[in-house]
Amino acid sequence: MRGAPSSALQLLLLLLSRACAAGADPLRTPLDPDVTPRITVLSSGLQGCRRFRSSALNYSTLLLEADGERLYVGARGAAFALNASDIADRSARTIVWEASPEQKRQCMLKGKDNKTECFNHIRFLQRFNSTHLYMCGTHAFKPLCAHIEEKSFVMSSQPEEGKDKCPYGPRTGYTALIIDQEMYSASRYEFRSYPDIRRNSPAPTLKTDDGPTRWLNDANFVGSTLVRQRSGAGDDDKIYFFFTERSPERATGSGHSRVPRVARVCKGDRGGHLTLQKRWTSFLKARLTCSLPEYDFQFNVLRSVHVVHADALLYGIFGLEWKNVKASAVCRFSLTDLHEAFDGPYMENQNSGWKEYTGKIPDPRPGTCITDALRARGINVSTSLPDDVLYFVRRHPLMSQEVQPSDRRPLLFRRSTHYTHLAAHTTQGLDGHTYRVLYLGTDEGWLHKAVEVGGHLLIIEELQLFDEPQPVASLVISAKQMCVYVGSASGVLQLPLSSCSRYASCYDCIFARDPHCAWNGERCVEVAAQADRSALIQDIQNGSKGCENTQNDVAQRSRSVRVGDDVLLQCELSSNLATPFWTLDCSELQGYDLTSGFRTGTDGLLIIEARRDQSGLYTCYSVENDVKVPVVTYNVTVRPAPPPAPAVPSDDFLPAPTELPNSMRPFPSPPAPLLPHSEMLSPRNMQAMYLSLITFLGGLCVVLTVVLIYVGFCLQAGRRGKYSIRAAAAAYPKRRSRSRKQQRSCSRAGPEVKTISSHCNGNGAVQDGGFLQIVPGEGHTPPAPPLPPTPPRPSAECGLSATLPSVLRRMNGNSYMLLRQADSESASPVGNSFSEELNKILEKRKHVLLLPKPDESSV
Ligand SMILES: *[C@@H]1O[C@H](CO)[C@@H](O)[C@H](O)[C@H]1NC(C)=O
Ligand SMILES: *[C@@H]1O[C@H](CO)[C@@H](O)[C@H](O)[C@H]1NC(C)=O
Ligand SMILES: *[C@@H]1O[C@H](CO)[C@@H](O)[C@H](O)[C@H]1NC(C)=O
Ligand SMILES: *[C@@H]1O[C@H](CO)[C@@H](O)[C@H](O)[C@H]1NC(C)=O
Ligand SMILES: *[C@@H]1O[C@H](CO)[C@@H](O)[C@H](O)[C@H]1NC(C)=O
Ligand SMILES: *[C@@H]1O[C@H](CO)[C@@H](O)[C@H](O)[C@H]1NC(C)=O
Ligand SMILES: *[C@@H]1O[C@H](CO)[C@@H](O)[C@H](O)[C@H]1NC(C)=O
């Protein structure tokens, strides 16, 4: 890891340069590890979605038991018991538990934020025994805990002291478990205290040790789990805690100041007798590694974990500590590898830093739980462990071996997404394989559903959960209800694990590779709901086979245009992974560039200045997983140009001739030879030129209006965050489909989609050969009255400051007007923001590198 700083830089360059090279290739190159969600669903398109809301905020704690009928929710100032099969039904019960006004006043006197911190945020809600639940709240910086009688859902006693069980603030890293009515919690409890792993009851209360070798350094806890011991050696159950802490291992010189960790303690630990009195005698910790090996780059922050106990697997979401880099990686670990790390060599803090300990290890092995073998030697409780063992434990909390993820690389990497939580659902595919489907929540309120195939996570769909972007604060799955529940600042949401009816055709159903879905010959259906599965078609491994003999509906349209017109043949591909493929009269269209007279994007094919020889039958295919599926055909007839019209209404573009339906159109006259430009300057043509000029000026007004509205829109969108553009798109259904793609190229750093009609180059999706803007022109009616203009301000985000329309045209074949922007100018605004971004990061990076070396005594 000596090369870490330079490799970090390398990754940053990767993260950013990809964004800039975006338009160059719509296909992902093998080098690019980023994963694109196959389909995008806006909140307006969610199916079977139920929401629970109340006057409370911050629904951040969810409790759902395996066979539970109720979903328990901890929010700010209230707890709820919801009907798990329909959280929106009227049976919801509420416990109102606000901080007292006096306590709020005290909180404000302590200088805390009265808009967020001086409330009772319920941070803990779990089962206590068969009849009671237990909850803890921050209670305006004076934590309290209380029992809840489950049946009636009321507090069964006065709240009790919670300062050793619950953090003081709503955002402090925290995890806790109740095991056999004992509570284990890990947090930085008070503002100035050290982070600590505690068992609060029964006596003796246990803590981590803080000297001479501090066991935890600035730790931020994200999760914990109990692993029951199944071996016959009488070994104890173990509790694992997951966190990120400040890195003390100077000798390994990773260059990162933070490092993801797992720590474990034994459930039966009772502390030491003299050494480590009221301290854990079984505390050990190890590093969790999640890296991109080809860039020699380590993710150094653990954000969330999810344990699949049935398969002894751990999933972790990892990120980077730089706030302005959103990258996320998902790594999978086996719990066996965790055990192995704790059975391996220890690290030792010597004068020169942390090194693997090679000396003699005392017996019994330090940090192990009490086993039958020890009991046979008379050591039946941790207080009877020999002093030299406990002394060793105190000095050697860190293991030398790092826990490596499966395949030594992430299952998923996303450059521009910040995942906050995940949950997994295991299901059986029709091919007999067991598939794990992961649900990943983002900081902007999106849910990514991903299936693990061949060591990679394929994102089946991305769902917008909320109109207002807000982080996913918690995520649980009910296999019984086949639902996923999401907690957030504004409410709780319940979604079915799958919505197969979203896939309209056999190929769509197969391409999705959703283990929950299969094609039954007519529809895409939920596999779980089918009694007879023999005829179902599914191909999760390859996502390509099974639909060869099914009928595929191909839309048929016709276009009749005049020579010289620009024609857009629309072909929306529902999948973000599909690429378009066009044929003209059954032969492939060659060379999609300006000279060929064609341009293609994911939303259609543009015929520029149509010629008569471009008439014919165009077919658009969607190509995905090496399968070509026809989507739409266009019978395009290019008619000779008509004589110019005699008069122009001053406020319109053009006195366009009424378009007749194809069937009524007179037989086209023989093709007029295309005249060279100079020969067109007859008086008749001069008149046409004036017309064009007037048209041009009128059009320019419209374009400027559009630009103004657009700038306002982008500025506003920029202020509200990236995904808000989607939210806005949802509000304008007419523009939605275009806006989706547009948003993709706007705000995603990624070479994902290239559209003809995209008109925003936000994060730098440079369209090759400049970009085009297509504005709905509503047939030949004049454009809508201009909205009050927003003053145009230079905005690098929209790339408009340097670009002005250079060509304006009218398109007769359909109701679109085309605005083409100068090719050469599109790069500069992007370049600026890119170098700015890089500079910012390097600035930050410099700061990180200049941090003083960790204090020797603190490690
Ligand atoms: C929960 O909702 C389901 C379906 O809406 C209903 O059948 C059931 O009776 C409800 N349970 C309770 C406790 O209200
Ligand atoms: C919070 O405190 C500020 C000043 O400290 C005060 O102006 C504001 O009204 C308070 N807000 C609430 C909700 O109490
Ligand atoms: C569960 O715990 C509560 C609170 O301590 C207690 O009142 C209740 O009797 C316990 N229930 C059982 C079944 O032990
Ligand atoms: C541990 O062993 C001692 C005898 O060696 C015995 O007296 C004691 O009760 C045992 N304690 C437990 C918890 O089993
Ligand atoms: C609670 O909700 C408010 C309002 O949406 C939000 O601003 C705040 O960040 C949330 N706090 C936490 C701790 O989630
Ligand atoms: C998937 O494709 C590979 C090669 O492309 C082939 O070897 C394999 O048999 C296919 N798997 C299935 C389940 O069709
Ligand atoms: C295309 O349309 C023209 C007339 O508009 C018609 O003559 C021709 O047969 C059509 N071609 C096909 C393949 O439908």
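For the single chain, residues carry numbers from 1 onward in sequence order. Note that these values count all heavy atoms, side chains included, but never hydrogens, waters or copies made by symmetry. Read the numbers this way: they start at 1 and go in the same order the structure lists the ligands and their atoms.
- For ligand 7, the atoms closer than 4.0 angstrom to any heavy atom of Thr637 are 5 (O).
- For the pair Tyr134 and Cys136, the minimum side-chain heavy-atom distance is below 4.5 Å.
- Per-residue contacts place Ser130 under 4.0 angstrom from the following atoms of ligand 3 (heavy atoms of the residue considered): 13 (C).
- Nearest non-hydrogen protein atom to atom 5 (O) of ligand 5 is Ala489 CB, 3.4 Å.
- Tyr634 pairs in a side chain to side chain donor-acceptor pair (under 3.5 Å) with only one of the listed residues (Arg559, Gln556, Arg557), which is Arg557.
- Residue Pro170 has at least one heavy-atom neighbour below 4.0 Å for each of these atoms of ligand 5: 13 (C).
- Taking the six-membered ring wherever Trp is involved, the centroid distance between the rings of Tyr72 and Phe153 falls below 6.0 Å.
- At distances below 3.5 Å, at least one donor-acceptor pair connects side-chain atoms of Gln126 with backbone N or O atoms of Ile178.
- Contacts between Gln470 and ligand 5, counted as non-hydrogen atom pairs separated by less than 4.0 Å, are absent for every part of the residue.
- The protein non-hydrogen atom at the shortest distance from atom 4 (C) of ligand 5 is Leu57 CD1, 4.0 Å.
- Counting only distance, with no hydrogens or angles, the side chain of Ser615 and the backbone of Val638 share a donor-acceptor pair below 3.5 Å.
- Considering only non-hydrogen protein atoms, atom 12 (C) of ligand 5 sits nearest to Asn58 ND2, 3.1 Å.
- Checking only distances, Arg171 does come within under 3.5 Å of ligand 5, N or O to N or O.
- Between Tyr439 and Val486, every side-chain heavy-atom pair lies at or beyond the 4.5 Å cut-off.
- Looking at Gln494, its side chain does come within 3.5 Å of a backbone N or O of Ala84 through a donor-acceptor pair.
- Between the side chains of Glu468 and Ser490, not a single donor N or O lies within less than 3.5 Å of an accepting N or O.
- Among Asn635, Thr633, Asp585, the residue whose heavy atom lies closest to atom 10 (C) of ligand 7 is Asn635.
- Atoms of ligand 3 found under 4.0 Å from any heavy atom of Phe128, numbered from 1 in the order shown, are 2 (O), 5 (O).
- Within the listing of ligand 3, atoms 1 (C), 10 (C), 11 (N), 12 (C), 13 (C) sit less than 4.0 angstrom from a heavy atom of Thr131.
- Distance screen at 4.0 Å: atom 14 (O) of ligand 5 has a protein heavy-atom neighbour inside the cut-off.
- In this structure, a donor-acceptor pair under 3.5 Å is absent between the side chains of Arg123 and Thr138.
- Nearest non-hydrogen protein atom to atom 1 (C) of ligand 3 is Asn129 ND2, 1.4 Å.
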